[in-house]
Q: 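Dumping the structure here so I can ask a few things about it.
Predicted, not measured: the structure shown is a model, and the values here were computed from it. Counting begins at 1 with the first residue of the sequence.
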Amino acid sequence: MSALHRPGRTPAVPASPSPGASQEEIRRQNLGAVLRHVHVHGPTSRAELTTRLGLNRSTIGALAADLAAAGLVTEGAPVTTRRGRPSLVVSPRSNRVYAQALSIEPDRLRVARIGLGGRVLDLRDTPRPAGTSAVDAVVPLAALAHEMDRDVAADSIRVGVAVAVTDTTRDRDGRIRIGGPDETLRADIEAAFGDGRAGPTVLAGDLADIAALAEHVRGVAAGVDDLIYLHGSHGVSAGIIIEGRLVVGHGGRSGKVGHMVVNPGGLPCECGSRGCWQTEIGETALLRHAGRDAAPGAVQEVLRAAADGEPEAAAAVARVADWLGFGVANLVNVVNPDTVVFGGSLREIYLSGADVVRQRLDELALPASREHVQLLPAALGPDAALIGAAELAFAHLLADPLHIGSAA
Ligand SMILES: [Zn+2]
C-alpha cells in the first residue's frame, strides 16, 4: 500500500533550532515532544520533562499548560523533586483521547479504541466470513465501532482511524490465499467512519509491519532502532525497522520473507514458487512435520505436546526451529539489526528451540552482524497489530497536537 504512513520522530527543539524555523514551528515541535514523552513513558513530572527534553522549566510549564487547555493531558498531584521543589505531573488523557484501530485478519475482524498512552479502552471482534475481501470487512467493522460509540463520552477526541490488513484471505473452500491490494479500501473506510469527527484515516498496511511498530514503540524492542519482527501464522512475514523507520518498499509490500527461497528442491508454495521459507516454518509446515491435520487449535496442540516431550511433536518443533535459524542468519546478514523479535506461532517455536536458532545463526551469519544481535519473543501478543495501528493514528496528533486537540 503506497499510502502507508511512515512514522517519524518529534524531537524537542532546545537551544539551536534549524535556521529559518519559525517560533510557531518550534512551539509545534516542542508540544509534540512533550506529548510524545507522556504518550510513550506515561505520567511524567514537569521537572523530569525539563531534564529529558532539554528545555527550560518555564518552557515546559507553558507547553504542558497548552496541552492541558487542549484537553490532551492533565496536570496534577505534584511530586517533590530532588531539589525539594513541587513539580506537577503531566499525564496523557487516555480515557478521552483515543485512536480507532481496526484489523482485518484471515479469520476475524477487530475494532479497538486505544487511548493516548497506549491503553486498550475497548476491543471487540467478529468472525470474518470465508471468501470475503478486505472491502467486505468495512460494513461489519463499522457496525462494531458503532456499538462501541455508545460507551464513548461526548467530549472524547478521536485522533484518527487506522487499519491493519492481512494480505491473506480464506476462500469458501477453507484454503488460505494471498490477496491483492484493495484499492477502494481507504475510500470505503472514510465513507463508513468519516462522520465529521476529527482525525484522518490511515491505511496501516501489513499486520507484521504494524506489530513491528508496536514492539518498537512499547514492546520488547522499545527504544531499539534497528529490528526485524518475524510473524508466523499460516505464512510468514516480517516488519523491518531501520534507523527507527519502518521499511515499506515501493508498493508497501516489503518484508515478504516467507517467500524467500531457502530450499530450491523443497515443496511448492502457494505463491507459485518452490521451497519458500514459509513452506519450512509456517504453521502448515509444523503440522506436516508433526504428522497432524490442519484443524482449529492443532498448532497449539503440537507446541504443547512438544513442551511435554512427545517425540514426534518435539522433532517437528526442532526441525522448524532449525529452518528458522537458517533464514534468520540470512536476514541478519542483510539487515544488520540489533534485535530480532519472534511473534505469532514463531514466538512459541523460538521459545522451544532458542538454542537451535542461535546455533544456526552462529554458524551461518557473519560475526560482525550476529554477535550483538538479541533474539527475543514478542511481548504484546495478538493485540500488537491494533496497538501499532493506533500508533500510526497518534503520529498525526504528535506531529501537531493543538491542530487536532482544538479541532474537536
Ligand atoms: Zn512463496
Q: For Ala385, is there any backbone N or O sitting under 3.5 Å from a side-chain donor or acceptor partner on Ser103?
A: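 It does not hold such a pair.
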
Q: Indicate the atoms forming the closest heavy-atom contact of Val335 with Ile240, along with that distance.
A: CG1-CG2, 4.0 Å

Q: Checking side-chain polar atoms at under 3.5 Å, does Asn95 have a donor or acceptor matched by the opposite partner on Arg119?
A: yes

Q: Determine, stepwise, if the pair Leu286 / Ile349 fulfils side chain to side chain contact (heavy atoms under 4.5 Å, CB included).
A: CA-CA 9 Å; Leu286 177 68; Ile349 297 286; 3.9 Å; yes

Q: Tell me whether the guanidinium CZ or amine NZ of Arg347 lies under 6.0 angstrom from the six-membered ring centre of Phe342 and within 45° of its axis.
A: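 Not satisfied by the 6.0 Å and 45° rule.
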
Q: Atom OG in Ser94, atom CZ in Arg113: separation rounded to 0.5 Å?
A: 11.0 Å

Q: Can we say Arg304 and Asp308 salt-bridge, meaning some charged N sits less than 4.0 Å from an Asp/Glu carboxylate O?
A: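 No, Arg304 and Asp308 are not salt-bridged.
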
Q: Taking the side chain as every heavy atom from C-beta outward, state whether Thr126 and Val111 have any atom pair closer than 4.5 Å.
A: no

Q: Might you point out which heavy atoms bring Ala164 and Leu207 nearest each other, and give the distance in Å?
A: CB-CD2, 3.6 Å

Q: Assess whether a salt bridge exists between Arg27 and Asp66, defined as any Lys/Arg side-chain N lying under 4.0 Å from an Asp/Glu carboxylate O.
A: yes

Q: From Asp362 CG over to Arg370 CZ, what is the distance, rounded to the nearest 0.5 angstrom?
A: 5.0 Å

Q: I'd like to check Asn330 versus Leu364 (side-chain heavy atoms, cut-off strictly below 4.5 Å). Are they in contact?
A: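 Result no, sub-4.5 Å side-chain heavy-atom pair not found.
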
Q: State, yes or no, whether a side-chain contact exists between Leu380 and Glu215 at a heavy-atom distance under 4.5 Å.
A: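 Answer yes - side chains close enough.
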
Q: Scan for salt bridge (charged side-chain N to carboxylate O under 4.0 Å, His left out) pairs involving residues 318-340, sequence neighbours excluded, and state none if there are none.
A: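 For residues 318-340: Asp322-Arg360.
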
Q: A side-chain contact here means heavy atoms from C-beta on lying under 4.5 Å apart; do Pro268 and Arg274 qualify?
A: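 They are in contact (side-chain heavy atoms under 4.5 Å apart), so the answer is yes.
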
Q: Please check this pair: side chain of His37 against backbone of Thr44, looking for a donor-acceptor N/O pair closer than 3.5 Å.
A: no

Q: For a side-chain hydrogen bond (donor to acceptor under 3.5 Å, both in side chains) check, start with the C-alpha distance between Glu391 and His39, then their side-chain angles and the critical distance, and finish with the verdict.
A: CA-CA 10 Å; Glu391 289 303 328; His39 171 59; 2.9 Å; yes

Q: Thinking salt bridges, do Glu147 and Arg124 make one under a 4.0 Å N-O criterion?
A: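 Arg124 and Glu147: salt-bridged.
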
Q: Would the number of heavy atoms belonging to other residues, nucleotides or ligands and lying under 6.0 Å from CZ of Arg292 be above 12?
A: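 Atom CZ in Arg292 is crowded, with more than 12 foreign heavy atoms closer than 6.0 Å.
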
Q: Under 3.5 Å, which donor-acceptor pairs do the side chains of residues 69-76 form with other protein atoms, sequence neighbours left out?
A:
residue	atom	partner	partner atom	Å
Glu75	OE1	Arg46	NH2	3.1
Glu75	OE2	Arg46	NE	2.7
Glu75	OE2	Arg46	NH2	3.0

Q: With a 4.0 Å cut-off on N to O distance, would you call Asp383 and Arg110 a salt bridge?
A: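 A salt bridge links Asp383 with Arg110.
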
Q: Do Leu361 and Arg358 come close enough that some side-chain heavy atom pair is under 4.5 Å?
A: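 Sidechains of Arg358 and Leu361: in contact.
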
Q: Determine, step by step, whether Tyr98 and Arg158 satisfy the side chain to side chain contact (heavy atoms under 4.5 Å, CB included) criterion, reporting the C-alpha distance in whole Å, the side-chain angles of both residues, the deciding distance to 0.1 Å, and the verdict.
A: CA-CA 5 Å; Tyr98 71 96; Arg158 190 180 74 185; 3.6 Å; yes

Q: How about Trp323 and Val262: do any of their side-chain heavy atoms sit closer than 4.5 Å?
A: yes

Q: Tell me, with the steps shown, if Val340 and Leu376 meet side chain to side chain contact (heavy atoms under 4.5 Å, CB included).
A: CA-CA 6 Å; Val340 179; Leu376 296 169; over 6 Å; no

Q: Determine, stepwise, if the pair Leu109 / Leu102 fulfils side chain to side chain contact (heavy atoms under 4.5 Å, CB included).
A: CA-CA 8 Å; Leu109 308 171; Leu102 321 176; over 6 Å; no

